[in-house]
Amino acid sequence: VSTTSGQRRAAIGATDSRDNTTARLLAAGGTILVGGALAIELSQFVLDIEFPFLLFLALTIVGMVMLYLGLDGLRHDLGARVVAAILAVGVLLVIAIPFVFVVVFGAFQTRGDLLSGPHVIPPRPTTVSLDQLLRIPYFERGLRNSLIVSATATLVTTLLGILGAYAIARLRFPGRNAVYTGVMVAYMLPGIALLVPLVAIFKGLRLIDTLPGMIVGHAAIIVPIVIWILIGAFETIDPDVEHAARIDGASRLQALRRAVLPLTVPSVVTTAVFAFVLSWNDLLISKVLYVSATPMLAPSIVNLMDPINRIEPQLSMAGLIASIPVITLALLMQRYLIRGIGEGAIR
Amino acid sequence: VSGVTQAAAPGGWLSGLPIRREQGAAAILLLAPTVIAFLLLVAYPVAYSILLTLTGRSAVAGALGPWRGLDNWARLGADPVFIQSFRQTLMYVVPSCVIGVTVALGVALVLNERFPGRAIVRAALLIPWALPPVVVAAMFQWFLDSRRGLLGAWLVELGITSQPPVFFQGVPGTLYMLVGIHIWKTFPLLALMFLVALQYLPEETIQAARIDGATRWRRFWHVTLPFLGPTIVAALIIQLLITVQLFDLIFALTGGGPGSYSTYNLYFYTFKTTFEFTDFGYGAVLAYVVTGIVVLCALLLTRGRARSLQLS
């Protein structure tokens, strides 16, 4: 083992010592190019100079290539890291600029102030659009109904999901394969395929235009997804955990609640968060299960988007309000969500 | 002695039954709510929609209309809007998959390097994923609008252009604007998939390649890329599944326009036919076409995943 690491170090050392001067020059040149281009570009916010954007782009790219080659020559992997850090800032900007400037700053500024340029610190922030927005009856009702529907749907689907997934993952019973296949097909089924007949049936049952109907509709689409993800979670738990609890005299439900569930808390909570996000973000179900009005949040935002009558700061404020719950949950649960995404369970 | 055995036996009402029976009874009790919900809300509707495809328009929307046999199915081949929507579905899917997965792979490779603040960027990737699609639509409507858009106004304000540039207009242009916004919303999910996969990249292989003097590019091409192969296939199929079911952005941003049906995809056409033109019979046929495509791709994904699991 020591020989291998010795060889490794020797090999890496060999790349380190090649052409130190050229590397230094390249790195210095790259830094000057990237830094200079950025400085000039940013100074446009303050000074009244004009600098062609394409030239800025070209300088940055050439500078980064020089920086990469130079730094990688000086110290192994340093160039890649520095260039990756610069590119990561670019990724962050692409994600954050529309959201921060349009939704967050847009919600607290007048249209004119926002149009007068990207201000890093918004001038004259105001909450006037919040007051206006909450006075629009359909928005206020939509927000309230979405909270009720999404919370209830999350609770119901998670509960049904735990019971169903546990039975499918753990118990051997006749018809298990049929249930398993049914859940899988339902999980894959596109929402519209279910909604076409569901709306037809709901019309007959007079469930259209009602909140219970809305909750049932959301649950119908989300339950198979929740079960599918939780089957995977329960299958990773060692059956012996449960056997031990059962031998100690626990009933099956007690064993599930006291022995199995505590071990799967992260999965269950992540799945619940995912169920909430699906329900909260949904437009299609909310649109088709209510015909007479727009009682849910997402359709009411579409109403606000009307190209002729839209009032942009109100739209931004509505977007901000609709984003707060899902963004908060996503950031709180990021570790588990990322793991779920990696497993392909969460989309 | 008997007291001890009793205390050590599994509890619960069903514990008197033999093991196999007990499992069956427990399964029935645990699954009952789910199975009832499933039968009422999935199986029955799907069966009902088969009937819908065989009937014409009814006076009451949603009720079964007069019997039409396979007429609704026969309409597909002669329906120009169906053919256009199908073609446009491909116009959404192909760039979303190719560009989306490539960008995601690039971003994942960048975020796989070690540098300070990388956790912040990784967390930020969850923002587009979590944002409600209607908020994304509203945000970009204001950001990119050619007449009153923010980006155009800022570019003029900063002196980068003298006129607000016109982003994506007209007939194929609007569709590609939707594709761009859709990629903005979906690349983070795919990038996170790649990032998680990269954590399982065997360090020794990379080190060995490095000792052999392989350049970064060759290490990527000969080690990292083949390792990511199954993940790339999975990412392509997941992006395909998501894009075939693209609805919210179209509904909120263009409503299917401009012109006649220029940003329709099959999913949106199904929605319009069923819920706006209240032709539930033909809508159910279209829904089956969408389902066919989606289930086929999803099965490919599970097959591929099973195979990649066997390999590892």
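Each chain gets a letter, A, B and so on, in the order the sequences are listed, and its residues count up from 1.
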Under a 4.5 Å cutoff for heavy-atom pairs, which residue among [options] has the most contacts with chain B?
options	result
A:Val302, A:Val288, A:Leu87, A:Val277	A:Val288
A:Arg310, A:Arg339, A:Gln334	A:Arg310
A:Ile341, A:Val91, A:Val82	A:Ile341
A:Leu92, A:Val89, A:Ile208, A:Ile327	A:Ile327
A:Gly204, A:Ala245, A:Gly182, A:Ala255	A:Gly182
A:His243, A:Arg111, A:Arg81	A:Arg81

Please state whether the side chain, the backbone, both or neither of [X] comes within less than 4.5 Å of a heavy atom of chain B.
X	value
A:Tyr187	neither
A:Ile301	side chain
A:Val216	both
A:Leu297	neither
A:Phe276	neither
A:Leu315	side chain

Between [options], the one whose heavy-atom pairs under 4.5 Å with chain A are most numerous:
options	value
B:Phe251, B:Phe271, B:Phe187	B:Phe251
B:Gly117, B:Ala191, B:Ala138, B:Ala47	B:Ala138
B:Ala153, B:Pro133, B:Ala32	B:Pro133
B:Gln199, B:Gln245, B:Arg114	B:Arg114
B:Leu40, B:Ile120, B:Ile127, B:Asn112	B:Ile127

Rounded to the nearest 0.5 Å, what's the gap from [atom1] on [X] to [atom2] on [Y]? Could you check?
X	Y	atom1	atom2	answer
B:Glu113	A:Leu78	CD	CG	10.5 Å
A:Ile97	B:Trp154	CD1	CH2	7.5 Å
B:Leu195	A:Ile338	CG	CD1	8.0 Å
B:Ile238	A:Ile346	CD1	CD1	11.5 Å
A:Leu189	B:Thr291	CG	OG1	5.5 Å
A:Arg347	B:Leu241	CZ	CG	5.5 Å

Is there side-chain contact between [X] and [Y], with at least one heavy-atom pair below 4.5 Å?
X	Y	value
A:Met184	B:Leu299	yes
B:Phe38	A:Ile227	no
B:Leu131	A:Val326	no

When you look at A:Lys287 and B:Phe247, which way does the side-chain contact (heavy atoms from CB on, under 4.5 Å) test go after all the steps? CA-CA 12 Å; A:Lys287 186 78 202 158; B:Phe247 167 78; 5.6 Å; no
Is a side-chain donor or acceptor of B:Trp184 paired with a backbone partner of A:Val94 at a separation under 3.5 angstrom?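 Checking the backbone N and O of A:Val94 against the side chain of B:Trp184, a donor-acceptor pair under 3.5 Å is found.
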With a 4.5 angstrom heavy-atom cut-off, could you sort out which part of [X] is near chain A: side chain, backbone, both or neither?
X	result
B:Val42	both
B:Val196	side chain
B:Leu189	both
B:Ala137	both
B:Phe140	side chain
B:Leu190	neither

Might you work through the side-chain contact (heavy atoms from CB on, under 4.5 Å) test for B:Thr274 and A:Leu195, ending with a clear yes or no? CA-CA 10 Å; B:Thr274 317; A:Leu195 280 171; over 6 Å; no
Nearest non-hydrogen partners of [X] and [Y], listed with the distance:
X	Y	answer
B:Gly149	A:Leu115	O-CD2, 4.0 Å
B:Ala287	A:Val196	CB-CG2, 4.2 Å
A:Met305	B:Ala252	CE-O, 3.4 Å
A:Pro98	B:Phe143	CG-CE2, 4.5 Å
B:Leu41	A:Leu198	O-CD1, 4.0 Å
A:Pro197	B:Pro45	CB-O, 3.0 Å

Walk me through it: do B:Tyr44 and A:Ile201 pass the test side-chain contact (heavy atoms from CB on, under 4.5 Å)? CA-CA 9 Å; B:Tyr44 173 55; A:Ile201 294 167; 3.4 Å; yes
Parallel, tilted or perpendicular, as decided by the 30° and 60° cut-offs, for the rings of A:Phe274 and B:Trp129: parallel
What's the verdict on side-chain contact (heavy atoms from CB on, under 4.5 Å) for B:Phe275 and A:Ile192, showing C-alpha distance, side-chain angles and the deciding distance? CA-CA 10 Å; B:Phe275 302 113; A:Ile192 194 113; 4.2 Å; yes
